[in-house]
Amino acid sequence: MRQAVIRKPYQVVVEDVPEPKPSQDELLVKTEITGISAGTEMALFRGSHPNLTTEKWGYWTDFPVYPGYEVVGTVVEVGSQVEGFGVGDKVVGCGCHAEIANVPSNYAVKLPAEIPPESATLAILGTTTMHAVRRGNLAYGGSVAVIGLGVVGMLALLHAKLAGASRVVAIDLVQERLNLASSYGVDAAVSPDDPDFQRKINDATNGGADLVIEATGAPSAIVTATQIARVRGAVVILGYHVKPVELLFGDDLFHKELDIRVSKAMGPHPSLAAPNAQWGAWVAPRWSVDQSLYEVVHLMATGRLVVDPLITHRFPASELPSIYEKIDSGEMKDALQIILEW
C-alpha cells in the first residue's frame with residue numbers, strides 16, 4: 001500500500017509499505033480521502049517541530065515521520081476490544097496519509113450519510129477548535145476576535161458563533177479570507193494593516209474582545225491579541241508556535257489583568273478520568289476527544305456547522321510531495337482545506 005513519509009527535512013515521498021494490522025483498540029480503515037493540516041505538517045516537513053528537538057512528548061521525536069491525521073474511509077478490520085464499530089462502517093478519524101490507516105477507535109466516529117466525505121475531514125480540526133472555544137470559557141453574549149483565518153481560524157469563529165458569542169470579529173492580512181469570513185456573517189472583518197485597526201476592533205466589540213483566539217502560530221499575533229482584548233479578558237493560543245514569543249508582561253497583559261490560556265489539539269484523551277465522590281470512582285471528563293468529535297459530526301450532519309466553503313483544493317495523493325513544496329514556498333497562500341484522494 002502507499003503511505004506518505006517525511007524521511008528528513010524537506011524530503012517527503014509517497015512510497016509502498018506493508019499493510020498494517022490494527023491493535024486491539026484500533027480500526028483498520030481503507031482510506032477514501034485525507035486532509036492536509038498545513039500548520040503541523042509544515043513544521044514536520046521543515047524539521048521545525050519542537051518535538052524533534054526536545055524529544056520530550058513521546059511522539060514525532062525523530063525522522064522518519066508519518067504525517068497526517070484527517071482520514072475518511074471504510075472500516076475493513078476491527079481490533080479485538082473495539083466496540084460500536086463494524087466492518088463496512090464509513091468513518092472519520094485520526095490517521096496518517098496512507099491508503100490503509102490504523103485509526104484509534106476512540107478518535108473515530110461513524111459518518112452520517114448527510115456529510116460529504118470531503119467535509120468530514122474537517123471534523124478533526126473542528127474538534128480542535130471546539131476545544132479552543134471551551135478553553136476560553138466564552139459566556140453567552142460575549143465578544144470574540146479570531147486572529148488568523150486559515151482553516152483553524154475559520155472553524156474557531158464558526159464555533160464561537162455556535163457557542164453564543166454576540167459579536168465575532170475576523171482578523172487576517174488576506175482580503176479573500178476576510179471576504180469569506182464576512183460571508184459567514186461575522187460582525188467585522190479587519191486587516192491588521194488597516195490604519196484604523198484598533199478603533200474598528202473596539203467599535204465592533206464594544207471596547208475590546210472578551211475572548212481573543214490566536215490561530216496563526218505567528219509570535220506577533222499573540223502581542224496583537226493582548227492589545228485587542230478587553231480588561232480582564234482572555235486570550236487562547238490555538239496556533240501552533242515553533243518560534244519564541246517576545247511579550248512585554250508590563251504592558252497590556254499586566255494592566256488589563258488578562259488570562260492567557262493554551263489549547264492543545266482535540267482536548268482531553270478519553271482515558272484521562274477524574275475522581276468523582278458521588279459515584280465513588282474515576283469518571284471520564286465530559287468533553288474528552290471522543291465526545292467532542294461526536295458532537296462536531298452531529299453539528300455538521302444537522303447543518304449547523306457549515307464547512308463546505310473551506311474546501312479549496314483537491315489532488316491525487318501521489319502529488320503530496322509537490323503540494324508540500326508549494327505550501328512551503330508560499331505558492332498556495334489561497335489554500336484552506338486541501339484534500340488528498342487515495
Side-chain angles (χ1 to χ4, degrees), residues 125-173 177-178 180-192 194 196-241 245 247-265 267 286-287 292 295-296 299 304-305:
L125 288 179
T127 302
T128 296
T129 47
M130 173 183 275
H131 177 59
V133 171
R134 288 204 185 96
R135 287 284 293 149
N137 292 335
L138 176 63
Y140 180 82
S143 57
V144 179
V146 178
I147 304 176
L149 301 179
V151 174
V152 168
M154 289 289 189
L155 289 168
L157 69 85
L158 293 178
H159 275 304
K161 290 171 67 69
L162 288 170
S166 63
R167 300 178 180 87
V168 178
V169 178
I171 300 167
D172 200 279
L173 290 166
R177 293 185 176 185
L178 294 173
L180 178 56
S182 295
S183 74
Y184 274 121
V186 298
D187 296 273
V190 188
S191 168
D194 190 314
D196 290 331
F197 174 72
Q198 187 73 56
R199 180 188 62 77
K200 289 181 178 179
I201 298 299
N202 286 343
D203 288 350
T205 59
N206 192 27
D210 294 293
L211 171 62
V212 183
I213 299 176
E214 183 278 316
T216 70
S220 61
I222 296 182
V223 178
T224 301
T226 66
Q227 292 170 343
I228 65 175
R230 72 164 61 248
V231 172
R232 294 189 173 178
V235 174
V236 169
I237 310 302
L238 173 58
Y240 193 77
H241 288 259
V245 176
L247 188 61
L248 182 60
F249 277 64
D251 196 18
D252 292 88
L253 189 66
F254 173 83
H255 289 280
K256 294 180 180 178
E257 292 190 326
L258 296 180
D259 288 337
I260 292 189
R261 302 163 192 160
V262 175
S263 180
K264 178 195 171 187
R286 172 64 180 95
W287 292 113
S292 291
E295 186 62 23
V296 167
L299 290 170
R304 284 176 282 179
L305 181 61

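Rounding to the nearest 0.5 angstrom, the gap separating the CG atom in Leu149 from the CG atom in Leu157 is 6.5 Å. Separating the CG atom in Asp194 from the CD1 atom in Ile171 is a distance of 11.0 Å, to the nearest 0.5 Å. Distance OG1/Thr129 to CG/Leu238: 7.0 Å, rounded to 0.5 Å. Rounding to the nearest 0.5 Å places OG of Ser191 at 8.0 Å from CG of Asp172. Rounding to the nearest 0.5 Å gives a distance of 14.0 Å between OG1 of Thr226 and CZ of Phe254.
Residues Ile147 and Ile228 are in side-chain contact: their nearest non-hydrogen atoms beyond the backbone lie under 4.5 Å apart. A 4.5 Å side-chain heavy-atom check between Thr224 and Val212 finds every atom pair outside the cut-off.
Across all their heavy atoms, Gln227 and Gln198 have their closest contact at O-NE2, 3.4 Å. When all heavy atoms of Ala234 and Arg261 are compared, the closest pair comes out as CB-NH1, 3.8 Å. The two residues Ala188 and Ala204 have their closest heavy-atom pair at CB-CB, 3.7 Å. Shown here for Ala229 and Leu258, the closest heavy-atom pair between the two residues is CB-CD2, 3.9 Å.
Under the rule for a side chain to side chain donor-acceptor pair (under 3.5 Å), Asn206 has no partner lying at least two apart in sequence or in another chain. The side chain to side chain contact (heavy atoms under 4.5 Å, CB included) search around Thr205 returns Ser143, Val169, Ile201, Ala209, not counting sequence neighbours.
A salt bridge links Asp252 with Lys256; the closest basic N to acidic carboxylate O contact falls under 4.0 Å.
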For residues 160-167, dump all side-chain donor-acceptor pairs below 3.5 Å to protein atoms at least two apart in sequence or in another chain.
unit_1	atom_1	unit_2	atom_2	d
Lys161	NZ	Gly185	O	3.3
Ser166	OG	Gly141	O	2.6

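For residues 196-237, no pair satisfies ring-ring contact (aromatic ring centres under 6.0 Å, His included), with sequence neighbours left out. Applying the salt bridge (Lys or Arg N to Asp or Glu O under 4.0 Å) test to pairs two or more places apart or on separate chains, those with a residue in residues 206-218 are Asp210-Arg230. Pairs engaging residues 126-152 under the salt bridge (Lys or Arg N to Asp or Glu O under 4.0 Å) rule: none recorded [sequence neighbours left out].
Counted within 6.0 Å of CZ on Arg232, heavy atoms from surrounding residues, nucleotides or ligands total 12 or fewer; the atom is thus considered open.
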- Run the numbers on Val223 and Leu247 for side-chain contact (heavy atoms from CB on, under 4.5 Å), then give the verdict. CA-CA 6 Å; Val223 178; Leu247 188 61; 3.9 Å; yes

- Message: Set out, in order, the CA-CA distance, both residues' side-chain angles and the distance that settles side-chain contact (heavy atoms from CB on, under 4.5 Å) for Leu305 and His159, then state yes or no.
- Response: CA-CA 8 Å; Leu305 181 61; His159 275 304; 4.0 Å; yes

- Stepwise side-chain contact (heavy atoms from CB on, under 4.5 Å) check, Val152 with Thr128: CA-CA 8 Å; Val152 168; Thr128 296; 5.6 Å; no

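A side-chain contact (heavy atoms from CB on, under 4.5 Å) with Val144 holds for exactly one of Ile213, Val186, Val236; it is Ile213.
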